[in-house]
Amino acid sequence: MLLIFLFCLTPFSADRVEIIKENGESIVHLIGNVIIEDEKTRITCAEAKYNEMRNYVILKDNIHIVDDQGEISADFATYDFNSRQGFLRGNVLLARRNEIFTSDSLVYDGAGKNVEMFSNVMIEATDSTLRAFGAAAQYDLEAEIGWLMNNPSLEILRKERSPMFVEAQRFRLDNKANVLYGYDSVVATIDSVVVTCDTFVYDVKTEHGTMTKPFITEVGNRIIGETGSFVMKDNDIESLSVHNGWSQYFTKNGTKNIVEGEKITVLFEEGQANRIIVTGEPRGVVHMREGDEDVSD
């Protein structure tokens, strides 16, 4: 989308139209209630300047651009018809069929159908519960795949529950498949569970996630593994597993247990861990509380 039309052949209207010469170049200056439209695109703004020689347009104030792909709004925009490159700044909002993007500024590549966003970036998949935030992002509008950089954060909304929060050095978002990928120094918070790991993958539709090198805490309990996975159900975490893992956990009476095994699985009830299962050469140590020894004599 975004100004893909031949300005000189496109109907337009405005409160005032001026055709002037600036530095030997012809400028079409539209002022007040500007409307530019063809069969596929409609643009409204307060002011527009079109440079016929350079095939370049500047739009100002209350800009709205609509076509069959969606709608974009901003305070200021430029577009070069030769390079098919556009730039927008000020309250930028791009709304598509199943995605919303906001940022302070945006660079649009009409040839590659890519956008780059800068400062106060937000990407929301409106057909799921996924919403991401960052300082910079790149997004392929056709593939619906994007990257967020510079310590972005992400939240997965849940009905009647606090969101699942994820932070990382960078994210890859596959909005078409509703899958997110977090890379490097990832921290994920799911109710009482906090996960730090190298990589974090979550499928929003199936509610299944995987992790590499997870370190997991839940209240006073700890689990470490080479890889891990978890399953959500009805907005709550249902189970969490690690492979080649080690775990330290406390029983209800305060006894500390340490267990190891090829696979450690924790089952949850109402967001709290209530059962642990160890398979594959399980081994462990029980640290009895002082005074828990048999004192029946």
Side-chain angles (χ1 to χ4, degrees), residues 70 93-103 106 113-218 225-243 268 271:
L93 187 150
L94 170 57
R96 287 157 48 88
R97 286 185 297 271
N98 56 353
E99 298 162 314
I100 294 175
F101 308 85
T102 62
S103 64
L106 180 150
K113 295 187 178 179
N114 294 312
V115 295
E116 293 185 63
M117 293 164 279
F118 303 95
S119 188
N120 295 314
V121 176
M122 190 276 290
I123 300 175
E124 181 176 3
T126 55
D127 59 349
S128 76
T129 56
L130 188 65
R131 189 160 56 191
F133 307 87
Q138 297 176 333
Y139 199 82
D140 184 321
L141 296 173
E142 279 199 322
E144 296 183 20
I145 293 175
W147 288 87
L148 285 96
M149 292 75 71
N150 301 336
N151 302 310
S153 62
L154 182 148
E155 62 183 22
I156 299 165
L157 304 179
R158 301 184 293 164
K159 292 182 179 179
E160 300 179 357
R161 305 286 280 178
S162 61
M164 180 193 306
F165 290 102
V166 188
E167 298 175 306
Q169 296 296 309
R170 55 197 175 101
F171 284 118
R172 179 178 184 267
L173 302 181
D174 186 340
N175 279 349
K176 187 171 289 186
N178 281 318
V179 179
L180 69 94
Y181 303 80
Y183 299 98
D184 303 324
S185 304
V186 182
V187 180
T189 303
I190 312 168
D191 297 322
S192 61
V193 177
V194 178
V195 179
T196 60
C197 55
D198 287 352
T199 64
F200 182 93
V201 181
Y202 184 66
D203 188 315
V204 178
K205 288 185 176 179
T206 65
E207 297 187 285
H208 286 208
T210 59
M211 306 158 285
T212 59
K213 295 185 179 179
F215 181 94
I216 303 162
T217 61
E218 191 272 336
E226 291 183 4
T227 60
S229 61
F230 65 96
V231 178
M232 305 288 292
K233 184 178 180 181
D234 297 330
N235 296 320
D236 285 331
I237 185 167
E238 182 179 56
S239 64
L240 186 154
S241 300
V242 298
H243 296 87
F268 290 78

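What you are looking at is a predicted structure, and each value in this text was computed from that prediction instead of being measured.
Once rounded to the nearest 0.5 Å, the distance linking CZ of F165 with OG1 of T189 reads 8.0 Å. Atoms CG and CD1, from N175 and I145 in turn, are 9.0 Å apart once rounded to the nearest 0.5 Å. Rounding to the nearest 0.5 Å gives a distance of 12.5 Å between CZ of F215 and SG of C197. Expressed to the nearest 0.5 Å, how far NZ of K159 lies from CZ of R161 amounts to 14.5 Å. Atoms OG1 and CD, on T129 and E124 in that order, are 9.5 Å from each other to the nearest 0.5 Å. One finds the CD atom of E207 at 11.0 Å from the CD1 atom of I237 (value rounded to the nearest 0.5 Å).
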Begin with the C-alpha distance, continue with both residues' side-chain angles, and end with the deciding distance and a verdict on side chain to side chain contact (heavy atoms under 4.5 Å, CB included) for N98 and E144. CA-CA 10 Å; N98 56 353; E144 296 183 20; 3.6 Å; yes

Apply side chain to side chain contact (heavy atoms under 4.5 Å, CB included) to the pair L173 and V179, showing each step before the final yes or no. CA-CA 6 Å; L173 302 181; V179 179; over 6 Å; no

Worked check of salt bridge (Lys or Arg N to Asp or Glu O under 4.0 Å) between R158 and D191: CA-CA 11 Å; R158 301 184 293 164; D191 297 322; 2.8 Å; yes

For a ring pair (Phe, Tyr, Trp, His ring centres under 6.0 Å) check, start with the C-alpha distance between Y139 and F101, then their side-chain angles and the critical distance, and finish with the verdict. CA-CA 10 Å; Y139 199 82; F101 308 85; 4.7 Å; yes

Quick one: do D140 and K113 satisfy salt bridge (Lys or Arg N to Asp or Glu O under 4.0 Å)? Show the steps, please. CA-CA 6 Å; D140 184 321; K113 295 187 178 179; over 6 Å; no

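Side-chain contact check for L180 versus L154: some heavy-atom pair is nearer than 4.5 Å. Side-chain atoms of V193 and L240, non-hydrogen and from C-beta on, do get closer than 4.5 Å to each other. Within the 4.5 Å cutoff, no side-chain heavy atoms of P163 are placed close to those of I156.
For T102, the side-chain contact (heavy atoms from CB on, under 4.5 Å) partners two or more places apart in sequence, or in a different chain, are L93, I100, M122. Looking at residues two or more places apart in sequence or on another chain, you find a ring-ring contact (aromatic ring centres under 6.0 Å, His included) between Y202 and F230. Judged as a side-chain contact (heavy atoms from CB on, under 4.5 Å), and not counting sequence neighbours, the contacts of D198 are T212, K213. Taking the side-chain contact (heavy atoms from CB on, under 4.5 Å) definition, one finds that A137 meets it with M117, V121, I123, L148, sequence neighbours left out. Considering only residues two or more places apart in sequence or on other chains, E155 meets the side chain to side chain donor-acceptor pair (under 3.5 Å) condition with R131. Partners of D184 according to the salt bridge (charged side-chain N to carboxylate O under 4.0 Å, His left out) rule, which considers only residues two or more places apart in sequence or in another chain, are R170.
Between the side chains of E218 and S192, a donor-acceptor pair is found at a separation under 3.5 Å. For the residue pair N151 and Q169, a side-chain donor N or O sits within less than 3.5 Å of a side-chain acceptor on the partner.
The two residues M211 and S241 make their nearest non-hydrogen contact at CE-O, 4.5 Å. Heavy-atom minimum distance, S103 versus F118: CB-O, 3.9 Å. For V242 against G225, the heavy-atom pair with the smallest separation is CB-CA, 4.0 Å. Across all their heavy atoms, R96 and L141 have their closest contact at NH2-O, 2.6 Å. Closest approach of F171 and V166 over heavy atoms only: CZ-O, 3.5 Å. When every heavy atom of E116 is checked against every heavy atom of Q138, the shortest pair comes out as OE1-NE2, 3.8 Å.
At least one donor-acceptor pair under 3.5 Å links the side chain of D203 to the backbone N or O of T206.
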